[in-house]
Amino acid sequence: MNAKKYISWIVLILIATLIPPILNLPGSLQYLLDLSLIYAIVAIGLNLLMGYAGQISLGHGAFLAVGAYTSAYLTLTLHVPFFIALILSGLITGIVGILLGLPALKLEGNYLAIATLGFGVAVTQIFAIWTSFTGGFSGIKPLKPELFGFKFNSYLSYYYIILILTIVLVILTWNIIRTKVGRSLMAMRDSEIAAKAMGINVSYYKTLAFGLSAFYTGIAGSLYAHLLGFMTPYDYAFSIGMSLNFLAMIVIGGIGTISGSIIGAIIMTWLPQITSNLPIKSLSQIITGAIIIAVVIFYPNGIAYAGARLKDKFEKLFAKHQEKIVVKIEK
Amino acid sequence: MLLQQLISGFATGGLYALAALGLVLIYKTSDVVNFAQGEMAMFSTFIAYTTMTSYGMSYWEAFILALLFASVLGFIVERFFIRPIQNAPVLSLLIVTLGLMMIVNGIAGWAFGFETHSFPAIVGGELKIFGAVISKSNLLTLVITVFIMGILFYMLKYTLAGIAIRATSENPTIARLMGIAVNHVYSITWVVSSILGAIAGMFIAPTTFLDVNMMSSVLLKAFTAAVLGGFTTFVGPVVGGLILGVLENIASGYISAQLSSTFAFALIVIMLWIKPTGLVGQKVGKKV
Amino acid sequence: MEHLIVDNLTMEFGGLKAVDSLSFSVKKGEIYGLIGPNGAGKTTVFNCVSRFYNPTSGRIIFEGKEITKLKPHEIIRAGISRTFQNVELFKHMTVLENLLVGQVAFTRENILSAAFMLSSVRKEERRIREEAMEILKILNIEDKAHEYASAQPYGIQKLVEIGRALVSQPRLIMLDEPAAGMNHSETDELAELILKLRDELGITILLVEHDMSLVMNICENICVMNFGKKICEGIPEKVKSDPAVIEAYLGGEEIA
Ligand SMILES: Nc1ncnc2c1ncn2[C@@H]1O[C@H](COP(=O)(O)OP(=O)(O)O)[C@@H](O)[C@H]1O
Ligand SMILES: [Mg+2]
């Protein structure tokens with residue numbers, strides 16, 4: 001990573017840290033800010049799977065549910081401390097992801113989309129009737145997180161837990177994608193046969209990608225559970241509709257980029273809020289659909305790298321601009 | 001009892017088969033799995049409902065009108081959303097149909113609201129055959145489904161358009177070289193597919209009730225039918241649909257109806273695991 | 001010493017024998033040519049050695065060990081690496097990253113050590129980067145290191161593929177039509193490169209190529225295939241004058 005990039009990330013983190021107390025947002029908006037970051041974690045996980053490993057998932061809403069209910073169960077019933085429950089939720093969801101990844105080994109493209117869609121629907125159905133675990137229609141009340149005796153009661157205080165976790169996960173992800181695992185995933189995405197010839201165990205990495213992606217989503221699920229005061233399996237965040245929104249986040253923000261995942265998540269979390277005052281109830285959904293189609297049609301050779309290419313262009317533009325300035329000064 | 005189960009199983013299975021045929025028709029010719037098919041069918045069904053309730057049309061007038069609408073919708077979607085990117089990678093095409101799914105669903109919610117309506121069956125009443133009580137609408141649905149499939153297979157086999165469709169599904173490049181207007185074939189398959197979906201939608205609506213989300217589970221069933229039978233032949237989805245319908249009917253005695261999509265998912269996974277090409281599918285070789 | 005032995009290899013595709021009871025062997029340090037008209041089955045032989053295809057019958061022995069039961073991803077660790085006829089680069093990765101993928105099978109870092117960027121990982125990353133840059137230098141394309149592979153002209157892409165195959169320090173490298181799409185001077189440079197790989201790095205080379213002058217110039221031994229069968233084997237002079245070979249190529253390329 002070069003210095004410029006470092007600095008821009010640090011500036012971003014500073015902004016993310018300082019903005020909420022400065023703006024002093026009302027609860028409902030601070031809630032959305034918390035939610036944006038939680039969804040950003042999901043989007044990063046989904047991007048690892050789709051953007052880097054080239055696999056498709058239409059079932060991430062279900063992973064979110066698995067993480068959320070695991071965490072709720074661990075803290076409420078087994079009285080496990082929040083942070084341990086958080087990690088365990090990630091791990092258990094990761095295992096579920098590996099299990100889903102196994103049948104996925106034999107599938108590609110459209111078939112994988114169908115299978116993961118089926119998974120998404122199935123998990124919601126199972127959770128709806130598994131009332132001893134989920135509380136069913138009457139729901140459950142996940143506890144507010146507690147650490148060293150401090151209770152994170154407000155959305156603002158909880159925001160910082162989520163922010164720190166997001167930063168940690170972004171760093172870990174960044175390290176993963178620029179080393180062996182990341183290269184293997186991308187190689188497999190670009191040419192499975194060449195990847196095999198280069199010694200990449202494609203089955204292993206596909207399963208790993210599912211597990212890793214589910215791990216992130218499980219962490220986000222745990223955070224989501226403790227953000228909500230009250231949770232039922234019918235929550236929109238667990239539905240296929242939300243799985244499509246997750247997909248839209250990375251398509252809009254940029255498939256195959258971490259920063260794109262975050263930007264996409266923020267846009268997709270606030271879009272419904274912004275359009276909620278307009279008379280057309282489902283407008284945000286219509287807009288989302290239209291945008292992702294536009295992105296694809298605009299980049300017919302595969303949006304998978306549209307984000308990276310666009311960034312490239314900007315950087316080149318910027319570089320040229322700089323050169324010109326240098327030239328001018330020299331003259 | 002068994003006859004009763006078989007008939008109602010075949011009736012719903014036939015509808016899954018119709019929807020699945022629509023999916024396979026498109027997939028075989030243009031390699032696109034249309035995730036928006038369910039939503040398009042739902043929209044057409046709403047057109048029928050609205051013309052019946054708000055404009056006082058008869059069932060069959062509304063039915064025909066909905067099919068006309070479905071044809072136009074299928075045509076537009078192919079012409080303006082799919083064709084511009086017909087050579088794009090799978091992921092791009094998939095995202096476009098998912099985007100369409102969101103748009104069509106959103107517009108439906110906006111235009112028709114989010115309430116649940118009851119949709120009339122073709123006929124009411126029951127019939128007794130060999131001591132089994134069979135609903136007339138089930139029987140009629142079955143008859144009509146068989147009739148439509150008959151027409152479809154006749155067309156595929158003997159008409160020029162059908163031959164063009166089959167040629168394109170074998171190899172679009174060669175079909176084009178042989179003078180087949182491949183783009184027309186794409187249009188036709190999308191129109192026919194949309195009509196098949198609409199028919200399935202209008203026949204299923206009486207049992208599932210009509211709302212903007214009615215087709216999401218039907219779409220999954222159509223996928224299941226197509227996966228069971230295989231995406232690679234036209235007979236596959238019919239076989240798959242009928243099997244799914246009957247299995248579902250038998251399983252409903254043992255498994256809660258709330259788990260019917262879970263059941264479908266299990267079937268998908270099992271089938272893809274043991275034979276990804278489906279029961280009547282052929283293996284397509286892949287060259288390195 | 002026999003480095004690679006293909007023993008009575010047969011590969012059928014639904015009745016079509018793409019490779020039919022083929023036997024030949026390549027000595028260590030040799031440049032061995034595998035030629036024949038289009039569809040003769042040359043690429044299929046590569047794919048059998050790479051384990052992408054499961055031969056219908058026959059054995060493939062490398063350095064005295066049978067490799068016919070290995071998995072495709074285990075072949076590179078056995079010491080064999082390859083290029084593809086229809087360039088199979090990782091399009092959306094840079095040239096350097098493409099080469100680094102060739103190292104994946106030989107690095108010890110795992111997901112946890114990488115996630116936390118332990119110093120061992122840093123060291124290893126630095127080492128493989130340096131090695132990859134060395135190879136780009138040998139290929140004379142080090143200035144392209146940070147450009148996308150797909151943005152390169154065809155000739156360069158072919159070189160990148162060779163580079164990617166070299167990074168794993170193979171003892172045998174299989175090149176599938178490396179000169180296809182190259183002009184004269186590029187082909188000459190390629191010939192030099194191939195000789196250098198053998199002479200300086202000691203790599204055994206199995207070469208499929210349609211450019212006859214290239215094959216005749218650099219190969220010590222040649223096996224000619226037609227319809228999956230071996231029709232002739234031997235030194236270039238022998239192959240050139242063999243009536244069966246001339247027959248097979250009649251109407252096709254002239255043998256220089
Ligand atoms: N995966 C496959 N499935 C079916 N046939 C194949 C496959 N791979 C190769 N073939 C056939 O095997 C024959 C030899 O092909 P190939 O090895 O590519 O020839 P060459 O490389 O000598 O030009 C051809 O007839 C080709 O069509
Ligand atoms: Mg070949």
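The structure displayed is predicted, hence computed values, not measured ones. Scope of the values below: all heavy atoms of this structure, side chains included, with no hydrogens, waters or symmetry mates. Sequence lines set the chain letters: A, B, ... in the order given, protein chains first and strands last, and positions in each chain run from 1.
The aromatic ring centroids of A:Phe127 and A:Phe238 lie 6.0 Å or more from each other.
Heavy atoms closer than 4.5 Å to chain B are found in the backbone of A:Leu102, but not in its side chain. For B:Val269, the part lying under 4.5 angstrom from a heavy atom of chain A is the side chain only. Looking at A:Ile56, only its side chain comes within 4.5 Å of chain B, counting heavy atoms on both sides. Both the backbone and the side chain of B:Leu272 come within less than 4.5 Å of a heavy atom in chain A. With a threshold of 4.5 angstrom between heavy atoms, B:Asn105 approaches chain A through its backbone and through its side chain. For A:Leu247, the part sitting under 4.5 Å from any heavy atom of chain B is the side chain, from C-beta outward, and nothing else. Residue B:Ile107 touches chain A through both its backbone and its side chain, counting heavy-atom pairs closer than 4.5 Å. Interface residue A:Ile129: only side-chain heavy atoms are found under 4.5 Å from chain B. Both the backbone and the side chain of B:Phe81 come within less than 4.5 Å of a heavy atom of chain A. For B:Leu259, the parts lying under 4.5 angstrom from a heavy atom of chain A are both the backbone and the side chain.
Contact record, A:Glu192 with A:Lys206: OE1-NZ, 3.3 Å, taken as the closest heavy-atom pair. The shortest non-hydrogen separation linking B:Glu39 to B:Val104 is O-CG1, 3.5 Å. Closest heavy-atom contact between A:Thr70 and A:Ile92: CG2-CD1, 3.6 Å. Between B:Ala20 and B:Ala226, the shortest heavy-atom distance links the atoms CB-N, 4.0 Å. Between A:Ala43 and A:Ile250 the shortest heavy-atom distance is O-CG2, 3.4 Å.
Interface summary for chain B: among A:Leu100, A:Ile286, A:Ile240, the most heavy-atom pairs under 4.5 angstrom belong to A:Ile286. The residue among B:Ile103, B:Ile268, B:Thr97 with the most heavy atom pairs within less than 4.5 Å of chain A is B:Ile103.
Donor-acceptor pairing under 3.5 Å is recorded for the side chains of B:Lys221 and B:Ser260.
Using cut-offs of 30° and 60° on the angle between ring planes, the pair B:His117 and B:Tyr49 is tilted.
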